[in-house]
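Please read these numbers as outputs of a predicted model, since none were measured by experiment. So you know, we letter chains A, B, ... as the sequences are listed, proteins then strands, and number each from 1.
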There are 2 protein chains.
Amino acid sequence: MSRLDQAATLSLEGAEGVVRPPEDGLDALRGAAFGRFRDEPGSVAVAGGAIAALDADAGAELRVDARGCWIAPGLVDCHTHLPFAGWRAGEYADKVAGVPYAEIAARGGGIAASARALAEAGDEAVLRQAAGLAAEMLAWGTTTFERKSGYGLSIEGERRQLELGRALDARVVQTTASTGLLAHAVPPGTTADAWLDEVQAALPGLVADGLVQALDIFVEEIAFGLEHLDRMGELAARHGLALRCHAEQFTTMRSVPVAIAAGARSVDHLAALHPDDVALLGGAECAAVLLPGAEFLGEEQVAPARGLADAGALCVLATDLNPGTSPIAALPVIAGLAARRYRWSAAETLAAMTLNAAWVLGVHGDRGSLEAGKRADLLLLDAPVEHLPYRFGHDPVVAVVCGGRLVHARSDLAERLR
Amino acid sequence: MSRLDQAATLSLEGAEGVVRPPEDGLDALRGAAFGRFRDEPGSVAVAGGAIAALDADAGAELRVDARGCWIAPGLVDCHTHLPFAGWRAGEYADKVAGVPYAEIAARGGGIAASARALAEAGDEAVLRQAAGLAAEMLAWGTTTFERKSGYGLSIEGERRQLELGRALDARVVQTTASTGLLAHAVPPGTTADAWLDEVQAALPGLVADGLVQALDIFVEEIAFGLEHLDRMGELAARHGLALRCHAEQFTTMRSVPVAIAAGARSVDHLAALHPDDVALLGGAECAAVLLPGAEFLGEEQVAPARGLADAGALCVLATDLNPGTSPIAALPVIAGLAARRYRWSAAETLAAMTLNAAWVLGVHGDRGSLEAGKRADLLLLDAPVEHLPYRFGHDPVVAVVCGGRLVHARSDLAERLR
């Protein structure tokens with residue numbers, strides 16, 4: 001694909017549909033604006049890594065015949081646990097047989113098992129596995145993803161995972177955002193408070209080295225409490241980092257009001273969300289990140305996602321890619337789960353994994369929708385957007401353009417070059 | 001891949017695991033024998049289109065380095081509605097919004113919509129769509145599939161769909177089995193009884209032309225009744241055809257005892273199965289074909305699949321690939337749904353889409369397991385069988401051998417040829 005790789009100007013021409021954002025700007029992020037994506041025939045011109053124009057000829061070096069295809073923004077996966085080491089298929093078999101997550105964790109499984117695997121794996125093995133998964137995500141349309149720490153469970157371990165994440169950036173074509181999930185589980189032999197003291201002491205160094213853009217905390221009976229969430233919010237504010245929160249995954253902790261008060265950018269999971277907190281999220285500048293893969297493969301609780309969208313919450317979907325609760329790399333598979341389980345429309349699921357997900361990472365001004373001037377991260381699909389959730393398990397992605405370069409293409413694309 | 005295509009002898013060497021059937025022959029098809037697949041390191045030698053030997057060198061022309069891979073039998077999809085025309089994404093959106101299937105059907109959607117689409121589509125368009133889907137199925141590991149009629153809704157229409165199916169065979173690398181779903185919906189302007197009179201009159205011609213190997217009927221309040229199932233059983237017996245039955249999909253009709261008495265080879269769907277019929281299937285020479293895709297995307301009733309497996313039923317999984325209730329081409333996606341919804345083990349899901357599915361089509365003596373002398377339909381996987389349901393949405397298939405020929409390979413396979 002060297003010819004494709006090097007083209008500085010590119011034109012995708014004659015598409016059946018070009019998925020454009022609604023015209024009400026940031027209000028489009030709200031649930032109430034879902035379903036207003038426009039999908040009209042057209043072309044997209046790319047120059048210098050950005051979208052040059054919609055429906056105009058930019059005198060491209062490379063022309064791609066997009067007839068019979070649809071053009072959509074590249075997908076944004078704002079919640080993954082990459083990079084991690086190995087898998088936990090045996091644990092999944094236990095879960096299928098009915099063993100609850102808390103019991104798996106008590107047996108030394110769960111986060112502790114992935115922490116051991118990461119500690120025992122060499123850097124190269126970790127990077128190779130993560131790069132393979134990133135390539136798989138790309139083939140399913142993900143052009144931007146978040147990666148986390150959280151399997152270190154010691155300051156050195158967390159730093160190593162964040163450094164591995166930065167090393168991963170050099171091996172993937174996607175742009176990533178780095179989150180320090182510095183409160184994932186209380187490390188053995190310490191307390192939650194003592195661990196946060198360690199985190200607080202280490203944070204200036206991690207920030208100075210440019211290793212974290214956001215902080216994350218797992219608020220749960222088996223992990224951290226509301227007071228720790230509050231403290232993590234203070235640390236995030238002090239260092240100018242975004243606050244993320246694993247909230248209400250298994251237990252109704254009422255962590256959402258606390259997270260919002262602490263200035264959280266997102267609350268993620270929400271399968272056990274208290275009904276009163278639906279309206280609260282409807283009015284908050286805090287995204288509801290739904291993770292239907294973890295619900296489906298986990299405890300089968302369903303987040304009140306229809307209600308959140310109807311309440312006007314900033315609704316987002318992500319894979320939660322991790323070796324335990326959601327070993328799913330494909331956002332279109334997540335779209336299929338979301339449509340069915342949440343009764344969301346195809347347009348809602350698309351908004352939730354493009355523009356809204358970009359907002360969580362603070363990059364909605366630059367990506368997440370097809371608008372002139374935005375970064376040219378875009379997909380050529382073999383079917384309209386309605387097919388994303390409908391043809392469950394089908395990968396509709398014919399080609400991926402990332403930063404203006406054609407970085408992935410199905411074998412049949414060669415015929416489409418002019 | 002011409003070099004690969006033409007090799008008459010092939011050796012897949014040094015695999016991490018080769019999935020072999022248990023040693024108790026046909027008893028392995030029973031639920032009670034599930035989980036006894038052996039998965040040991042080894043090699044598979046192929047000659048003359050068949051498996052020549054396990055763990056022996058057959059002096060192959062082409063050697064494939066299978067280190068880091070697992071070898072499994074090709075998957076068998078014993079229930080699809082290929083070939084069909086177009087899609088029904090809009091109807092799916094209605095279903096997601098809560099409209100029941102019976103209402104969609106009453107509005108002219110459902111089977112009637114696909115019948116109109118088929119009638120309006122040209123032969124070439126139908127064949128191109130179906131061949132594309134078969135290629136997608138191949139990439140997900142399906143080496144044998146059943147195809148049906150049922151969207152004709154007139155004798156001429158049914159004959160055309162069966163003839164299109166036969167024409168499809170020439171465009172796909174898989175082996176297919178042809179089922180006349182000659183009682184899918186009562187055609188407008190007639191009655192169920194009058195329609196079966198027409199079917200009875202047409203059947204000798206269809207059989208003489210070699211167009212059908214099995215008969216199928218949709219037993220449901222909105223379709224055909226138990227007396228029609230009984231009559232279809234008589235027609236099947238008269239012509240030496242297998243009897244299949246869409247049974248207990250939405251409504252508990254108690255069609256299973258009638259189907260078994262009529263000599264049915266399988267009862268398919270069973271989401272509304274009466275509890276008393278679980279034990280009946282446990283002892284019957286009639287397979288329970290579970291279709292979790294249709295359940296998941298449809299009405300959310302769950303077949304009592306765990307109970308059926310425990311009762312010793314001949315348990316089978318299939319995609320039900322069709323444009324309405326289950327537009328899913330990938331059997332590994334079905335494995336993921338089955339493991340989670342049915343609490344089946346990975347070994348159970350694999351048996352249900354290999355050897356047991358082959359039994360439904362009457363080809364278990366020749367395929368569905370890795371045994372010397374059987375047809376060389378086999379898969380090279382990038383992960384052990386436990387990952388099939390666990391890594392939901394991941395396609396583990398590195399390469400597909402069909403009838404001894406290497407017919408599909410991921411781009412990284414070239415490095416593995418010696």
Could you have a look at [options] and say which one has the most heavy-atom pairs with chain A under 4.5 angstrom?
{"options": "B:Ile328, B:Asp395, B:Val333", "value": "B:Ile328"}
{"options": "B:Glu136, B:Arg391, B:Glu386", "value": "B:Arg391"}
{"options": "B:Ala330, B:Ala346, B:Ala339, B:Ala383", "value": "B:Ala339"}

(message) Between A:Pro384 and chain B, with a heavy-atom cut-off of 4.5 Å, which part of the residue counts as in contact: side chain, backbone, both or neither?
(response)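 Contact with chain B involves no heavy atom of A:Pro384 at all.
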(request) Please look at A:Leu133 and chain B and tell me whether the side chain, the backbone, both or neither of the residue comes under 4.5 angstrom of a heavy atom of that chain. (result)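 A:Leu133 touches chain B through side-chain heavy atoms alone.
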Whether [X] and [Y] hold their rings parallel, tilted or perpendicular, with breakpoints at 30° and 60°:
{"X": "A:Trp87", "Y": "B:His387", "value": "perpendicular"}
{"X": "A:His269", "Y": "A:His79", "value": "perpendicular"}
{"X": "B:Tyr92", "Y": "A:Tyr390", "value": "tilted"}

(message) Main chain of B:Gly109, side chain of B:Glu91: is a donor-acceptor contact present, judged purely on distance under 3.5 Å?
(response)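 Flag not set: sc B:Glu91 to bb B:Gly109 has no pair under 3.5 Å.
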(request) Check whether the side chains of A:Thr319 and A:Asp77 place a donor and an acceptor atom closer than 3.5 Å, and report yes or no. (result)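 Result is yes, a qualifying pair exists.
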(request) Kindly compute the distance separating CZ (A:Arg67) from CD (A:Glu16), expressed to the nearest 0.5 Å. (result)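 That separation rounds to 9.5 Å.
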(message) Would you compute the distance between atom CZ of A:Arg88 and atom NZ of A:Lys95 and round it to the nearest 0.5 angstrom?
(response)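 Separation between the atoms: 6.5 Å.
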Please classify the contact between [X] and chain A as side chain, backbone, both or neither, with a heavy-atom cut-off of under 4.5 Å.
{"X": "B:Val96", "result": "both"}
{"X": "B:Ala89", "result": "both"}
{"X": "B:Trp140", "result": "side chain"}
{"X": "B:Pro332", "result": "neither"}
{"X": "B:Leu337", "result": "both"}

